[in-house]
Every structure is written in structure tokens, then in C-alpha cells.
K.L.:
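Let me give you the structure first, and then I'll get to my questions.
No experiment lies behind these values; they were computed from the predicted model shown.
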Amino acid sequence: MRARVIVASNRAAAGVYADTSGPRLVSGLRELGCEVGEPVVVPDGDPVAEALREAVADGVDVVLTSGGTGVTPTDRTPEATRGLLDFEIPGIAEAIRAYSRDKVPAAALSRGLAGVAGRTLIVNLPGSTGGAKDGLAVLAPLLSHVVDQINGGDHAQKA
């Protein structure tokens with residue numbers, strides 16, 4: 001599977017600080033057997049949509065975004081994502097919020113989406129290393145199956 005990590009952070013994109021969630025996601029995706037380069041760090045909003053469009057055009061199987069999913073005026077990742085999706089997979093986003101909510105009550109504020117654009121799975125994750133870790137924990141048992149399904153795979157037959 002080919003994957004890409006897009007970090008939506010106005011401050012990291014401006015060089016104010018180094019992002020830590022993107023490298024965590026890259027490492028986790030590699031552990032899951034994905035081919036993935038270094039994170040793409042962009043300001044939130046239109047640059048996220050542009051980076052997502054590029055990933056879909058490149059035929060990437062999985063895109064994980066980090067950041068921009070909260071409720072501040074600059075958090076625009078869900079809007080940038082929604083405009084590109086052919087359909088949403090709400091269960092993935094709900095599972096990520098549920099997984100994190102007991103440890104971090106503010107996880108309920110995440111507006112992250114999950115869905116498919118073309119043949120690319122896009123999942124929005126919170127912009128923290130904890131959010132990255134939790135997102136990967138939820139996605140690990142699902143990722144290869146959902147990518148197979150997006151590409152027309154059949155459900156595995158039970159014996």
C-alpha cells in the first residue's frame with residue numbers, strides 16, 4: 001500500500017515549531033507495511049485540499065491527515081476533505097473518537113472525517129502524537145481490508 005501523511009499546521013508550516021505527529025504517523029504506517037515518504041506539512045485550509053487532490057491524483061491508497069480537526073476558526077481540515085470525498089465512512093471517524101474519548105475527553109470535539117476520493121482512503125486525525133497513536137491503533141486492523149474493498153476486492157469467505 002502506498003500512503004501519504006499530510007500535516008495541517010499553520011505554525012509548523014511557518015517554521016514556528018517542528019511537527020511531531022507526522023513522523024509518528026509515517027513510522028506507524030511503515031510498521032503496517034505501507035510505502036510512505038516524509039510528511040507533507042502545509043497550513044490549514046486550502047493548502048490541505050490542494051495536498052489531498054495531489055495525493056488522489058498520484059493514486060495513493062491511503063492519506064492520513066494530522067491537525068485542523070478541532071473547533072477553532074483556523075481548523076478547516078474537515079471542510080477541505082469533505083469537498084473531495086466521493087463518500088464518507090463515518091464508522092472510522094466515530095471509532096477513532098470513541099477510542100480516544102475515555103483518555104482525552106476533548107477527543108469528542110474532533111470533527112475529523114474518513115472517506116474515499118477516487119480509490120484513495122482519506123482519514124483526518126487530530127494533530128497530536130496521542131491522536132496519531134490512537135488513530136493508528138484503530139486503523140491497524142482495518143487498513144488492508146478497506147483498501148482491498150475500495151479496489152474492488154471481495155469479502156473473505158469464512159470456512
K.L.:
Using the rule that Ile, Leu, Val, Met, Phe, Trp and Tyr join whenever any side-chain heavy atoms are under 4.5 Å apart, tell me whether V42 and L52 fall into a single cluster.
P.N.:
yes

K.L.:
Between atom CG of L125 and atom OG of S110, what is the distance when rounded to the nearest 0.5 Å?
P.N.:
8.0 Å

K.L.:
If I take atom CG from residue L29 and atom CG from residue L32, how far apart are they, to the nearest 0.5 angstrom?
P.N.:
6.0 Å

K.L.:
Hydrophobic clusters here meaning ILVMFWY residues chained together by side-chain heavy-atom distances under 4.5 Å, can you tell me if I122 and M1 are in one?
P.N.:
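No.
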
K.L.:
Only counting residues at least two apart or in another chain, list the ones meeting salt bridge (Lys or Arg N to Asp or Glu O under 4.0 Å) with E38.
P.N.:
R30

K.L.:
Give, for atom OG1 of T65 and atom CG of D44, the distance between the pair rounded to the nearest 0.5 Å.
P.N.:
9.0 Å

K.L.:
If you look only at pairs with a residue in residues 122-147, which of them pass as a salt bridge (charged side-chain N to carboxylate O under 4.0 Å, His left out), with sequence neighbours excluded?
P.N.:
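Passing the test, one end in residues 122-147: K103-D134.
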
K.L.:
Any salt bridge between D58 and R4, counting N to O under 4.0 Å?
P.N.:
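Yes, charged N to carboxylate O under 4.0 Å.
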
K.L.:
Taking only residues two or more places apart in sequence or in another chain, which ones pass side chain to side chain contact (heavy atoms under 4.5 Å, CB included) with D102?
P.N.:
none

K.L.:
About how many Å separate CG of L143 and CG of L64, when rounded to the nearest 0.5 Å?
P.N.:
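L64 atom CG to L143 atom CG measures 7.0 Å (nearest 0.5 Å).
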
K.L.:
A side-chain contact here means heavy atoms from C-beta on lying under 4.5 Å apart; do V56 and L84 qualify?
P.N.:
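V56 vs L84: side chains apart.
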
K.L.:
Between D148 (side chain) and S144 (backbone), is there a donor-acceptor pair under 3.5 Å?
P.N.:
no

K.L.:
Please tell me whether L25 and L121 are part of a single hydrophobic cluster in this structure, the criterion being side-chain heavy atoms less than 4.5 Å apart.
P.N.:
yes

K.L.:
Judged by modelled atom types alone, do T120 and D61 share a side-chain donor-acceptor pair under 3.5 Å?
P.N.:
no

K.L.:
Return yes if some donor-acceptor pair links the side-chain N/O of D86 with the main-chain N/O of G118 below 3.5 Å, else return no.
P.N.:
yes

K.L.:
Report yes or no: do L136 and V123 belong to one cluster of Ile/Leu/Val/Met/Phe/Trp/Tyr joined by side chain heavy-atom distances under 4.5 Å?
P.N.:
yes

K.L.:
Please enumerate all residues that pass salt bridge (Lys or Arg N to Asp or Glu O under 4.0 Å) together with R82, with sequence neighbours excluded.
P.N.:
E88

K.L.:
Quick one: closest heavy-atom pair of V7 and G22, and the distance?
P.N.:
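Scanning both residues, the minimum pair turns out to be CG2-CA, 3.7 Å.
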
K.L.:
Taking all non-hydrogen atoms of both residues, which atom of V147 and which atom of N151 are closest, and how far apart?
P.N.:
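Closest heavy-atom pair between V147 and N151: O-ND2, 2.9 Å.
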
K.L.:
Can a side-chain donor-acceptor contact be found between N124 and T81 if the only test is distance below 3.5 angstrom?
P.N.:
yes

K.L.:
If we only count heavy atoms from C-beta on, is the V5 to V40 side-chain gap below 4.5 Å?
P.N.:
no

K.L.:
Measuring from Y99:OH to L139:CG, what's the distance to the nearest 0.5 Å?
P.N.:
11.0 Å

K.L.:
Any idea which heavy atoms bring S66 and G127 closest together, and the distance?
P.N.:
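Distance-wise, the nearest heavy atoms are OG-CA, 3.4 Å.
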
K.L.:
Testing the basics here: between T77 and A8, what is the closest heavy-atom pair and its distance to 0.1 Å?
P.N.:
OG1-CB, 3.3 Å

K.L.:
Would you give the length of the straight line joining atom CD1 of I89 to atom CD of E94, rounded to the nearest 0.5 angstrom?
P.N.:
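Here the rounded value is 11.5 Å.
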
K.L.:
Work out which heavy atom in G131 is nearest to a heavy atom in S128; give both atom names and the distance.
P.N.:
N-OG, 2.8 Å

K.L.:
Does I96 share a hydrophobic cluster with V63, counting links as ILVMFWY side-chain heavy atoms below 4.5 Å and allowing steps through other members?
P.N.:
no

K.L.:
Starting from Y17 and following side-chain heavy-atom contacts under 4.5 Å between hydrophobic residues (I, L, V, M, F, W, Y), which residues can be reached?
P.N.:
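Direct or chained contacts put Y17 with V16.
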
K.L.:
My understanding is that only residues two or more places apart in sequence, or in another chain, count here; which of them pass side-chain hydrogen bond (donor to acceptor under 3.5 Å, both in side chains) with E79?
P.N.:
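Scan of E79 (side-chain hydrogen bond (donor to acceptor under 3.5 Å, both in side chains), adjacent residues dropped) gives R111.
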
K.L.:
Between the main-chain N or O of D46 and the side-chain N or O of R76, is there a donor-acceptor pair closer than 3.5 Å?
P.N.:
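A pair under 3.5 Å: no.
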
K.L.:
I need the minimum non-hydrogen distance between A80 and G45, along with the two atoms involved.
P.N.:
CB-O, 3.7 Å

